[in-house]
Amino acid sequence: MKLTREFEERISRLHLQNKVFGGVYSGRGQEAIAVGCCADLGPQDVVFPLHRDLGVFVVKGVEPGRLMAQILGKEGGLSRGKDSFLHAGDLSKGVFGGTSMLGATLPVACGAALKFKLRHEPYVAVAFFGEGASSRGDVHEAMNFAGVHQLPVVFVCENNRYAYSTPQSLQMAVEDVAERAAGYGMKGLVCSGNDLAAVLETMGRALRRARDGGGPTLVECKTYRYRGHSEHDPARYRTEEELLEWSTRDPIPRWELYLEARGRDVAKVRRETEAEVTRVVDEAVAFAEASPEPEGPEAFEDLYATPLAVPEAPEGPAAFEPEPPQLTH
Amino acid sequence: MKLTREFEERISRLHLQNKVFGGVYSGRGQEAIAVGCCADLGPQDVVFPLHRDLGVFVVKGVEPGRLMAQILGKEGGLSRGKDSFLHAGDLSKGVFGGTSMLGATLPVACGAALKFKLRHEPYVAVAFFGEGASSRGDVHEAMNFAGVHQLPVVFVCENNRYAYSTPQSLQMAVEDVAERAAGYGMKGLVCSGNDLAAVLETMGRALRRARDGGGPTLVECKTYRYRGHSEHDPARYRTEEELLEWSTRDPIPRWELYLEARGRDVAKVRRETEAEVTRVVDEAVAFAEASPEPEGPEAFEDLYATPLAVPEAPEGPAAFEPEPPQLTH
Amino acid sequence: MPVATYLQAVNLALKEEMRRDPDVFVMGEDVAVLGGAFKATEGILDEFGPDRIIDTPISEALLVGAGVGAASLGLRPIVEMQFMDFISCGFDQLVNMAATARYRHGGGLRVPLVVRGPTGAGVHGALFHSQDPEAWFTRVPGLKVVAPATARDARGLLKAAIRDDDPVIFLEHKRLYRSVKEALPDEQEPEPLGVARLARGGSDVSIVTYGGTLPLCLAAAERLAAEGVDVEVLDLRTLLPMDFAAIARTVGKTGKLLAVHEDRRTGGLGGEILARVVEDLWDELDAPPRRVTAKDTHTPFAPTLEAFVLPSEDEIADAARGLAAY
Amino acid sequence: MPVATYLQAVNLALKEEMRRDPDVFVMGEDVAVLGGAFKATEGILDEFGPDRIIDTPISEALLVGAGVGAASLGLRPIVEMQFMDFISCGFDQLVNMAATARYRHGGGLRVPLVVRGPTGAGVHGALFHSQDPEAWFTRVPGLKVVAPATARDARGLLKAAIRDDDPVIFLEHKRLYRSVKEALPDEQEPEPLGVARLARGGSDVSIVTYGGTLPLCLAAAERLAAEGVDVEVLDLRTLLPMDFAAIARTVGKTGKLLAVHEDRRTGGLGGEILARVVEDLWDELDAPPRRVTAKDTHTPFAPTLEAFVLPSEDEIADAARGLAAY
Ligand SMILES: Cc1ncc(C[n+]2csc(CCOP(=O)(O)OP(=O)(O)O)c2C)c(N)n1
Ligand SMILES: Cc1ncc(C[n+]2csc(CCOP(=O)(O)OP(=O)(O)O)c2C)c(N)n1
Ligand SMILES: [Mg+2]
Ligand SMILES: [Mg+2]
């Protein structure tokens, strides 16, 4: 969590320094979700992060340097400078990068889960989406399919109450996105997305069900984004009270209290973590800044796995000529 | 009730006539739904029929002759020969014709209902869809939107247990499509689609709610199609028992029993209806057969409401020349 | 009226039409309270209230479909795509439902729907915030496609699009939103759809372009003027239907055609322009017609990559120079 | 092997590839128990069981998206669209998700996905069962687009498409399904993607075509042969990437180009072909290149209307004759 947050802090700072161009979407305040949902995943489990889920990349083991280079649009980034911010993935670590189109990864996650099921593999696909994205048709098609085939997939809704400026009340007529799970024949679970222990526990149940062949789960994590939709957004559509109210529920102190209650020396943990975090982020920034900018013609690379060097066409009339068409319909 | 028989007969006739090319989709066995759902609608209420909903056109007052000409691809048809079978509409009677894309009319119905709401008009939009179409993303987007804005719309699911060859169990993991209503903050009602009285009663509740500003309803009518998906389909994917079982629940004898129990002379009603039906169908067929075939160039008509006869371009350098671009982003 | 940006011109046209006609209303994601991601709808909520501008769920198919429904019943909906790239999610509703509604009803209804939003590259928006989708729609009968390049046209053509009785896709180039400014008249009539505009007169080479590349073409023409090459620049403005008569006039004059657009080469509008010109105006041509376009790949993120992919003023100038010397 | 129809060739290729590679599987609406609306997947359920052919809900976006997911993890999904017209409902997944997946991952994954299904008109399918959607996809880098016109190519190219590591849109013309028959070899290797086929040699005029119009072009060439006009017919087979070298060869030989397709004129592939030819082969041309295509409207239902809109053998013959005489 701390790493995510520090990473994001650094991105904000770089953004302020004008080194990041393009959209920057902060997940500040929501870090417990990515951490809690990915903590128990192995490298073969495939995750489908959302635009605020820097933490998913981090916890799944994507190299921080490549991640930072990705954000800076460098050759060393996951997409080699091709796409921006978190629109990139590293499948070797089980991270599938989405397009910008909200909700569009959920069908893809079903395809991954289908593979696990067909091959009797004990892995899980985990797809993140916002409460705003829940309105997209793709989300429905995916959940329905997952229900029919009882796929090993967990849909994680990060419900932070806003989609850009749009409050949940204009996004849907229900309180919980998880209410929809029943209509797909799957389980819906709701938890506090600001409470790492709760996320871990809830996600644990969903993962166990998926691995045991019990089918899909919709996990809804209630949370709040502290910052604007993107770094450009002052988020005037929210009240200060609301922001303050949610600030008191910050996931990091909450987790520290939890650890403390279990007898951990939080001050020590904090010191160690902070040092480690600073080191990792420093190294990532150093790597990213040292990474070369792509030159230009790389724009044609990675389009095709099998590029076609068009060979000579076979000359002369073809061996087979079709009969004149006989329209039978 | 006359209408029930009337369009029932009409469908039978259609099947027997070999004058129809292109797909023909029979709603035989499902007739009570269209009648029951449209009986209480006025001309300003707008309906969005499905490919089997010939009855919707009839009950809404579309001229039988134009309907028959539509099916025969004649100039006198609703689409003037442009589109096939029921892919056409007559908005003067409040019938909006869909595309082939299943579920795609539900968003359009929301737009119609939005108009009624914005203009404080007491009308209702009624959109029909199959349990198969319920899997489409458009259906979700429409229902969600209708829920948020509490639109005067009724979504009628004609659940006939099959989508072409695909049984409901492979279409969804739930028993009732209506279970999804709750997830959109709307009411879901289930009734027998083979029982006209039940459809009338259920739809009545939904319509009252819509007209009273109570928002959308999802009405699910359980039914069965007697014939194949289209006239080409022998429907071998179903068992004979199932077909027989449902044949005992035919909506027409059921309605006759209902009338009889209420003291009506059913034999007389039947006689009168049959004569009337024969007359109407005969006239429709005569009209359709007499209607000319389009010649060809009509294919360019009705594309645009405001076709643009491109006028002369204003000559000479423009009065305004933009400044050279100042890229500010 | 003082100098207005292209973006302000869009905003102005929306408000002017909403004042004029109570049937005009706006739907989209974050259009009301926020005033749109680019602020194209700023101030509309305050002036017209929540019945005239509606913040919707993130449902592009619903947006287009509901637009068709409301339009068919006589309203004049303006649907904003937050970025035009997302029209891919409402694609079926646009190319099948909206484009054929009138046809399917034998002419018995009208669909006065406008779908508008920002297109185009050059602001490091990467793959999904940089698309030029026009060629997906210019091949669809029943739709009209408009792409203004100046503030005056943004205002005049948007007014015409709103008053038009057919579905119009209105493409605003986001790079022009704040970079293009001009003085606008206090009152401005709608600019007719389907009519190209001669953006610069010239006698040696004809450039046919639209939208985001117009400023590049004018700048290139300026440079060539200094070299003694006289370039004519035609701004198509409406892409469907295309003002072929205007193309024929300029090609008849210069005998040399250069089609320029920011969209990719393969399948872009330039190919259609070249094809029609060679089919219909073969004898007028004094040189092989040419295209300058984006390269056939996705629009990448890194500025170096993006600059490599997009058409540049240099490329335009080179191509025009080559044609002049042919 | 006895004579097989185009449809049987598709079925055969599917089964042969499924036998060869256990990673190949099929998903779609009504593909398993029914064997597909056109019976292209008949017998697959019996031979390969329900894990290799899956009847799905009516969810085109899900179908394409799940295909991308399964393919990214190493399977080789074949997704059937019951009619290719419905790809409009999965459009975003195809042009944005599938086409960019590898790009977004810096080359770190492969998407061996085939999306196949029936296209085309001429069977009174009307607006939504007659579409020729190829030009929506030939402009999308990252996709490959294949459109066989013979039974042999249906088999050979589908095999290649299945073995290819990129997303391939495989367009089967439904009018050819049962109308085209030919003797096929017992064993048949994949036919390489990206390579056109000379369907008929000739020296006077070059017709470049693909898919549903190949039989019309060959018939027209036959007629013209009787008149002493020697027509060469190139069957593109793969539409993206396009075998421009083969086009250059035939145009170099005859100097006269006629592009023919069933898709509409505006925005169809023919425009792109003409544009590239005039850009690159100007000096080879002895006449203005021409197109014969469907007219710029929807494909209507009534046989009279449909016949009016679609390109005919007569039109092709007339255009070729005109070019020969130029
Ligand atoms: C299909 C689509 N429509 C619109 C957008 C523009 N957009 C980007 S993020 C966003 C809000 C998303 O809200 P939510 O899903 O709740 O996620 P959050 O940003 O709150 O984490 C919008 C509308 C998009 N990316 N994709
Ligand atoms: C988007 C889309 N996908 C596929 C089809 C092909 N298709 C036509 S009808 C049908 C089955 C529809 O089933 P259902 O919705 O249950 O309606 P029913 O035919 O049972 O009345 C299918 C798959 C289509 N028309 N549209
Ligand atoms: Mg949100
Ligand atoms: Mg059904």
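Sequence lines set the chain letters: A, B, ... in the order given, protein chains first and strands last, and positions in each chain run from 1.
Minimum heavy-atom separation, C:R139 to D:D132: NH2-O, 3.2 Å. A pairwise comparison of heavy atoms in D:S88 and C:D92 identifies OG-OD1, 2.8 Å as the closest pair. What you find for D:V140 and C:R264 is that their closest heavy atoms are CA-NH2, 4.2 Å. Contact detail for D:E279 and C:L274: the closest heavy-atom pair is CG-CD2, 3.8 Å.
For a residue to count as touching a neighbouring chain, one of its non-hydrogen atoms must lie under 4.5 Å from one of that chain's; by this rule C:D283 touches chain D with the side chain only. At a 4.5 Å heavy-atom cutoff, the contact between D:A287 and chain C is made by backbone atoms alone. Proximity to chain C (any heavy atom under 4.5 Å) is shown, for D:R265, by both the backbone and the side chain. Using a 4.5 Å cut-off between heavy atoms, D:T297 touches chain C through backbone and side chain atoms alike. Using a 4.5 Å cut-off between heavy atoms, D:V277 does not touch chain C at all. Neither the backbone nor the side chain of D:Q93 comes within contact range of chain C; no heavy atoms are under 4.5 Å apart. Looking at D:D263, only its side chain comes within 4.5 Å of chain C, counting heavy atoms on both sides.
A distance of 15.0 Å separates CZ of C:R104 from CZ of D:F301, quoted to the nearest 0.5 Å.
Among D:T138, D:T100, D:D296, D:D85, the residue with the largest count of heavy-atom pairs under 4.5 Å with chain C is D:T100. Chain C forms the most heavy-atom pairs under 4.5 Å with one residue out of D:A99, D:A259, D:G90, D:A61, and that residue is D:A99. Chain C forms more heavy-atom pairs under 4.5 Å with one residue of D:Y103, D:F128, D:W136 than with any other, namely D:W136. Per-residue counts of heavy-atom pairs under 4.5 Å with chain C were compared for D:G271, D:G267, D:A275, D:P141; the largest is that of D:P141.
Ring geometry for D:W282 versus C:W282: interplanar angle of 30 to 60°, hence tilted.
At least one side-chain heavy atom of D:N96 sits under 4.5 Å from a side-chain heavy atom of C:Q131. Counting heavy atoms from C-beta on, the side chains of C:F91 and D:V95 never come closer than 4.5 Å.
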